[in-house]
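Since this is a predicted model, take the numbers as computed values, not measurements.
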Amino acid sequence: IIMDIETLKENNNLIKYRDAIMEQLISSVNLATLCKNKTVTEEETMDLIWGNYIPMLFVDGTITNAEAYIMFDIDVRKSSVKTYDNIRLYFQIYCDKEIVRANNGQCTRIDAIISELMRLFDEKSTLGIGYNIRVSDSILNTTNVKYVGRQLNFDVSDFAERSKIRAKKH
């Protein structure tokens, strides 16, 4: 069964959020080039969806090449003010140790990817009504000894789903 994506987005903010995040990721040729470890054109960035950009946290078997991968997901928590939700956006960045150096060895590929993610997301209103605010950047323990990783988290606020649904009914 295939449902209309716009109807699904109306009733589930997670679909809308994942879509907005993916749009930001594929808008950056620099990010795609860092992940693929080769020059990527604007048209080729779409090829990274579900390959290098995965809209869920670590999925065993998705890391297959000597490349970098960005996996992301969202937590939505109700706030004390019922009309708003508190959203936490998680990015997990994995990089094959063979290609960990970037910018002619001046920094790690993960650091360069985080820099580009910060440019795309930090203090931007990508997801909700508020700005994305970086709250942590931490080492990520990986189960694959060939890879290193970091996790980057952002917090943002948006109108609660129930507020949006109630507004449509009135």
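- With hydrogens and angles disregarded, no donor-acceptor distance shorter than 3.5 Å links the side chain of Thr33 to the backbone of Asn30.
- Judged by distance alone, with hydrogens and angles left aside, the side-chain atoms of Tyr53 form a donor-acceptor pair with the main-chain N or O of Ala32 at under 3.5 Å.
- Evaluation of the salt bridge (charged side-chain N to carboxylate O under 4.0 Å, His left out) test over residues 21-42, restricted to residues two or more places apart or in two chains, returns Lys36-Glu67.
- Side chains of Asp155 and Asn86 form no contact here, defined as non-hydrogen atoms less than 4.5 Å apart.
- For Asp122, there are no salt bridge (Lys or Arg N to Asp or Glu O under 4.0 Å) partners, not counting sequence neighbours.
- Remark: side-chain polar atoms of Asn52 are paired, donor with acceptor, to backbone N or O of Ala68 under 3.5 angstrom.
- Counting heavy atoms from C-beta on, the side chains of Thr45 and Val40 come closer than 4.5 Å.
- Judged by distance alone, the side chains of Gln92 and Tyr90 never bring a donor and an acceptor atom under 3.5 Å apart.
- Within the 4.5 Å cutoff, no side-chain heavy atoms of Thr142 are placed close to those of Val148.
- Judged as a salt bridge (Lys or Arg N to Asp or Glu O under 4.0 Å), and not counting sequence neighbours, the contacts of Arg150 are Asp137.
- Residue pairs meeting the salt bridge (charged side-chain N to carboxylate O under 4.0 Å, His left out) criterion with at least one member in residues 92-114, sequence neighbours excluded: Asp96-Lys146.
- Taking the salt bridge (Lys or Arg N to Asp or Glu O under 4.0 Å) definition, one finds that Asp47 meets it with nothing, sequence neighbours left out.
- Among residue pairs with one or both ends in residues 96-125, those qualifying as ring-ring contact (aromatic ring centres under 6.0 Å, His included) are Phe91-Phe121; sequence neighbours excluded.
- Ser27 is listed as a side-chain neighbour of Leu120, based on a closest heavy-atom distance under 4.5 Å.
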